[in-house]
Amino acid sequence: MSQMPPRESAINPLPPLILALFALTMGIEILFQLGSRGIVGGPQAIGWRQAALLDYGFQGTFPSFMIETGQLRPEFLMRFLSYPFVNGSFSQAIFAGVMLLALGKFVGEIMASFSVFLLYVLSTIGGALAMWALGGEGDWLFGGFPPVYGLIGGYTYLIWVRLGQIGAQQLHAFRLIAVLAALQLIFGLLFGFAQDWPADLGGFVTGLIVAPVLVPGGFRALLARLRRPD
């Protein structure tokens with residue numbers, strides 16, 4: 001009696017590490033919400049979010065201090081990676097979390113789970129570096145959007161490659177980031193520009209740059225593409 005072939009799931013699972021990042025971010029946000037309502041932590045819990053922003057947010061003064069003094073301070077280096085997990089509001093956490101899941105799923109359909117996680121980490125660092133270089137030293141960076149923009153950069157590269165394979169116009173790969181940039185411009189003109197825009201830009205550029213070496217066989221394929229005569 002012949003066996004039926006196993007059915008493939010119509011829904012691709014999320015990369016586990018991206019799911020873990022989402023759970024960690026939302027778990028922290030839930031604690032902030034419960035604390036602000038006095039459900040956990042007592043009266044001091046009302047200030048948990050503000051304290052976390054000061055303890056784990058990023059500011060250009062921290063790397064500047066390390067360079068000026070020649071001291072590598074672990075608590076300052078940690079901020080290059082910790083800021084995405086502390087959001088300024090519930091709505092920021094929700095929007096960043098939903099985009100993380102969506103982009104993580106799209107990119108995870110091509111990249112290995114660890115590669116998607118590495119893309120997230122590198123884009124987080126790239127966002128902080130861009131904030132340091134282009135933002136004011138006193139401007140604070142927090143929230144999960146810079147690494148999400150890094151995933152958008154990775155997604156843009158994957159679409160760019162796919163469009164090239166079918167002979168379509170590859171500039172169409174930049175539609176998503178163009179729409180988001182237009183929305184940010186509109187909101188900036190209406191309500192004022194967010195001070196952390198350099199981090200979003202830095203996250204996107206980092207994701208776009210590192211994605212070619214994170215896809216399966218990416219580094220070899222990238223070298224072959226660079227060696228190919230025009």
Using side-chain heavy atoms (C-beta onward) and a distance below 4.5 Å, is [X] in contact with [Y]?
| X | Y | answer |
| --- | --- | --- |
| V215 | Y157 | yes |
| D139 | D196 | no |
| Q33 | I39 | no |
| P63 | F76 | no |

What pairs of donor and acceptor atoms, side-chain ones from residues 52-62 against any protein atom, are under 3.5 angstrom apart with sequence neighbours left out?
residue: Q59; atom: OE1; partner: T61; partner atom: OG1; Å: 2.9
residue: Q59; atom: NE2; partner: G138; partner atom: O; Å: 2.9

Contact summary for [X] and [Y], nearest pair of heavy atoms:
| X | Y | value |
| --- | --- | --- |
| P198 | A130 | O-CB, 3.2 Å |
| L119 | G154 | CD2-CA, 4.1 Å |
| L31 | V40 | O-CG2, 4.4 Å |
| V86 | R49 | CG1-O, 4.5 Å |
| L214 | S115 | O-OG, 3.3 Å |
| E29 | F90 | OE2-CA, 3.3 Å |

Those residues that, when tested against R79, pass salt bridge (charged side-chain N to carboxylate O under 4.0 Å, His left out) (two or more places apart): none
Enumerate the side chain to side chain donor-acceptor pair (under 3.5 Å) contacts for residues 87-98, please, sequence neighbours excluded, ordered by first and then second residue. S89-S91
How many angstroms lie between atom CG of L101 and atom CG of L19, to the nearest 0.5 angstrom? 6.5 Å
Determine yes or no for a side-chain-to-main-chain donor-acceptor pair under 3.5 angstrom, with T25 supplying the side chain and L21 the backbone. yes
Taking the side chain from S123 and the backbone from T206, do they hold a donor-acceptor pair closer than 3.5 Å? no
Residues Y149, L180; criterion side chain to side chain contact (heavy atoms under 4.5 Å, CB included); working and verdict: CA-CA 10 Å; Y149 271 84; L180 291 174; 4.0 Å; yes
In terms of relative ring orientation, are Y120 and F85 parallel, tilted or perpendicular, with 30° and 60° separating the classes? tilted
Verdict with supporting geometry, L17 and F114, side chain to side chain contact (heavy atoms under 4.5 Å, CB included): CA-CA 7 Å; L17 290 172; F114 183 75; 4.2 Å; yes
Establish, yes or no, whether a centroid distance under 6.0 Å links the rings of F142 and Y83. no
Check step by step if side chain to side chain contact (heavy atoms under 4.5 Å, CB included) holds for I18 and F22. CA-CA 6 Å; I18 291 296; F22 172 79; 5.6 Å; no
Start with the C-alpha gap between F65 and R73, add the side-chain angles, then the distance that decides, and say whether side chain to side chain contact (heavy atoms under 4.5 Å, CB included) holds. CA-CA 9 Å; F65 173 85; R73 302 280 292 272; 3.3 Å; yes
